Amino acid sequence: MGLIAPRLDVIKPSPSMAVTARAIEMRSAGIDVVGLSAGEPDFPTPPHIVEAAYDAMRRGETRYTSVDGTAALKKAVAEKFRRENSLDYKPSQITVAGGAKQVIYNALLATLAPGDEVVVPAPYWVSYTDIVLLSEGKPVVVPCTEAEGFKLRPRALREAITERTKWLLLNTPSNPTGAVYSRDELAGLAEVLLDYPHVHVLTDDIYEHILFDGRAFHTIAAVEPRLKDRTLTVNGVSKAYSMTGWRIGYAGGPEALIRAMATVQSQSTSNPSSISQAATIAALEGRQDFLRPRTLEFQARRDRALELLRAIPDFTCQTPEGAFYLYPNCSALIGRRRPDGTIISSDDDLSLYLLDRARVAVVQGSAYGLSPHFRISIATSMDLIEKAIGRIAEAVEALR
Ligand SMILES: Cc1ncc(COP(=O)(O)O)c(C=O)c1O
């Protein structure tokens, strides 16, 4: 009998982290690799948030807190939901965990019985399906093609729902495509969901603040209040406030669910860092004026990256409406030969080729459940984006 439990057979380490790790390895061997695989903003955490952490430590806020967040932080989160999303949650309907990832994990572990189904529109964030599997649920992956704007449409949702469906997972703006659901699009999905009261919605709004071209953000519980008591609205400070290392995510939802999630957390990690919680209060309650310039910087990078990618004859790429990723289609390259004569037969092959030949790290579309594509992160400087796409163009040209 081996040491590792069979439950681990169904999941894999996060592929975007794997590519990043390989790029770091190559770099430490002296190879000049440009990383376009990171899922975190390249901006620093704003100084007033860092100061709030120091202050908390000096005040002695270095002890256990209540399991799913301090009262002060829950109040700040409830206020954020009211101010920014017109969602009214009581503190007892708020939970705080060590990142949005842990929030999602708590929710699925607390609710899925073996075989319960979770509708996951693809392309999806790499962790969704694995968290479902580890919780003994069954991911029901619904492909949402480029032609559909990479978005789940009402008819496809209706077809995916069965008696066993427990959750629909939504993510807007999307990692990896940058697709953003409009109010009408969410209303269309909500109309279907109203017909199926046994289906709950987990909406992952972590890229809420990174929206381009003046687009407005909408979240489903606000668009359709009749869904609010079966929606978990997930968010966090990692992306908007450049706080990936601080590990704070939060959610608002029905009280019974929130309580069950706290039970899971109480027997796993207990409270998220007391210091990070204090910093998060500063993030949510403090000045917000740096958000806009940072988003405009991402937008300028998106525009430049699109221009360069679209100049490569064999790529097409939809315009991302938010987040900090592009998801080019590389179907025209499948079947071509590398200079050594071997064939590129998948987007996995292509991303390995780009790493070896162009020394650019991207993540293969297969990781996100919709091929043949790859994901480029623009959470890096304009210079590096230009250099990387220039190298990708040369590598593509070398294919026959
Ligand atoms: C869509 C999505 N949800 C959640 C997360 C995780 O965020 P956190 O750092 O809060 O765990 C990520 C991070 O890449 C993400 O892309």
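Model, not experiment: these values are computed from the prediction. Below, each value reflects all heavy atoms present in this structure, side chains not excepted, and no hydrogens, waters or symmetry copies. Order of listing sets the numbers, starting from 1, for every ligand and every atom in it. All residue numbers refer to positions in the sequence shown, counting from 1.
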Quiz item: To which of Tyr207, Tyr325, Phe324 does the heavy atom nearest atom 16 (O) of ligand 1 belong?
Solution: Tyr207
Self-check item: Whether Glu285 side chain and Ala282 backbone form a donor-acceptor pair below 3.5 Å
Solution: no
Quiz item: Given Ala100, Ala97, Gly98, which has its nearest heavy atom closest to atom 10 (O) of ligand 1?
Solution: Ala100
Practice problem: Report yes or no: does Ser238 have a heavy atom closer than 4.0 Å to ligand 1? | Solution: yes
Practice problem: Tell me, please: is Lys239 in heavy-atom contact with ligand 1, that is, under 4.0 Å? | Solution: yes
Quiz item: Atom CG of Asn175 and atom OH of Tyr207: how far apart are they, to the nearest 0.5 Å?
Solution: 4.0 Å
Quiz item: Which of the numbered atoms in ligand 1 are below 4.0 angstrom from a heavy atom of Asn171?
Solution: 1 (C)
Quiz item: Starting from atom 7 (O) of ligand 1, which protein heavy atom do you reach first, and at what distance in Å?
Solution: Ile206 CD1, 3.5 Å
Self-check item: Inter-residue atom distance Ser270.OG - Asp68.CG, 0.5 Å rounding
Solution: 11.0 Å
Quiz item: Quick one: are the ring centres of Tyr89 and Phe81 less than 6.0 Å apart?
Solution: yes
Quiz prompt | Distance filter under 4.0 Å to Tyr128 heavy atoms, resulting ligand 1 atoms | solution = 1 (C)
Self-check item: ligand 1 contact by Tyr250, heavy-atom criterion under 4.0 angstrom
Solution: no
Quiz item: What's the shortest distance from atom 6 (C) of ligand 1 to any protein heavy atom, and which residue and atom give it?
Solution: Trp125 CH2, 3.5 Å
Exercise. Run the contact test for Gly99 against ligand 1 with a 4.0 Å cut-off on heavy atoms, strictly below, and give the result.
Key: yes
Quiz item: Counting heavy atoms only, which of Val103, Asn235, Asp204 comes nearest to atom 2 (C) of ligand 1?
Solution: Asp204
Self-check item: Flag, side chain of Tyr64 to backbone of Ser274, donor-acceptor distance under 3.5 Å
Solution: no
Quiz item: Do Gln93 side-chain atoms and Gly252 backbone N/O form a donor-acceptor pair below 3.5 Å?
Solution: no
Quiz item: Between CD of Glu208 and OG1 of Thr203, what distance do you get to the nearest 0.5 Å?
Solution: 10.0 Å
Self-check item: Option set Met243, Glu40, Arg247, Gln102, criterion heavy-atom distance to atom 11 (O) of ligand 1, minimum
Solution: Arg247
Exercise. May I ask whether Thr244 has any heavy atom positioned less than 4.0 angstrom from an atom of ligand 1?
Key: no
Practice problem: Would you sort out whether Trp167 and Val120 count as a side chain to side chain contact (heavy atoms under 4.5 Å, CB included), showing the intermediate values? | Solution: CA-CA 9 Å; Trp167 288 101; Val120 185; over 6 Å; no
Quiz item: Would Phe43 end up clustered with Met382 when hydrophobic side chains under 4.5 Å apart are linked, directly or stepwise?
Solution: no
